[in-house]
Amino acid sequence: MDQLDLSSRSILTFIGDADSQEKTLNVSDVVKGPGFGTAPTVYSRIAELEQAGWIKCVPDPNDGRAKHVRLTPLARKAFTRMSAETLKVLSRKAKG
């Protein structure tokens, strides 16, 4: 995730947090998210994240106009790795 800018990381983290809670987000949910910027900026970031392989936008089966945003295996692997690193740091702090 080092190659992502702060805005893209924030959006990806927002999607990842929802995913970890087993919540399905639509693109419009991300656009309305906490201070990610204007709608055109967020749509652009979502397109960049999808093109880079971090997320996948799939049609909402209940609403043909909407798209669900899902993490790809690449993103899931990165989040798992980050979680493991966080646990290591917290464990070291607790011992020291």
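Because only heavy atoms are used, hydrogens play no part in the values below, and waters and symmetry mates are left out as well, while side chains stay in. Count residues from 1 along the sequence.
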- [ ] For Gly53 and Leu74, work out which heavy atoms get closest and say how close.
- [x] O-CD2, 3.6 Å

- [ ] Please report the closest heavy-atom contact between Arg45 and Ile11, naming both atoms and the distance.
- [x] CB-CD1, 3.6 Å

TODO: Any salt bridge (Lys or Arg N to Asp or Glu O under 4.0 Å) involving residues 18-28? Give me the pairs, sequence neighbours left out, ordered by first then second residue.
DONE: Asp19-Arg76

- [ ] Specify the closest pair of heavy atoms between Pro34 and Phe14, including all atoms of both residues, with the distance to one decimal.
- [x] CD-CE1, 3.5 Å

TODO: Can you measure from CG (Leu25) to NZ (Lys32) and round to the nearest 0.5 angstrom?
DONE: 11.5 Å

Task: Modelled atom types, side-chain donor and acceptor of Asp5 and Ser8, under 3.5 Å - done: yes

TODO: Measure across Val42 and Gly37 and return the closest heavy-atom pair with its distance rounded to 0.1 Å.
DONE: CG2-O, 3.8 Å

Task: Taking every non-hydrogen atom, the tightest pair across Leu12 and Leu4 - done: CD2-CD1, 3.8 Å

Task: Phe79 and Leu71: CA distance, side-chain angles, deciding distance, side chain to side chain contact (heavy atoms under 4.5 Å, CB included) verdict - done: CA-CA 10 Å; Phe79 278 110; Leu71 294 178; 4.0 Å; yes

TODO: Any chance you could measure Ile15, atom CD1, to His68, atom NE2, to the nearest 0.5 Å?
DONE: 13.0 Å

- [ ] Kindly say whether Lys56 contributes a backbone atom to a donor-acceptor pair with the side chain of Thr72 at under 3.5 angstrom?
- [x] no

TODO: To the nearest 0.5 angstrom, please state how far the CZ atom of Arg9 sits from the CG atom of Leu49.
DONE: 11.5 Å

TODO: Tell me, yes or no, whether the heavy-atom count around Gln21 atom CD, taken from other residues, nucleotides or ligands under 6.0 Å, exceeds 12.
DONE: yes

- [ ] First locate atom NZ of Lys67, then atom OG of Ser28, and finally report the distance between them rounded to the nearest 0.5 Å.
- [x] 12.5 Å

- [ ] Kindly compute the distance separating CZ (Arg65) from CG (Asn26), expressed to the nearest 0.5 Å.
- [x] 10.5 Å

Open item on the list: Distance alone, cut at 3.5 Å: any donor-acceptor contact between the side chains of Thr38 and Thr41?
Closed with: yes

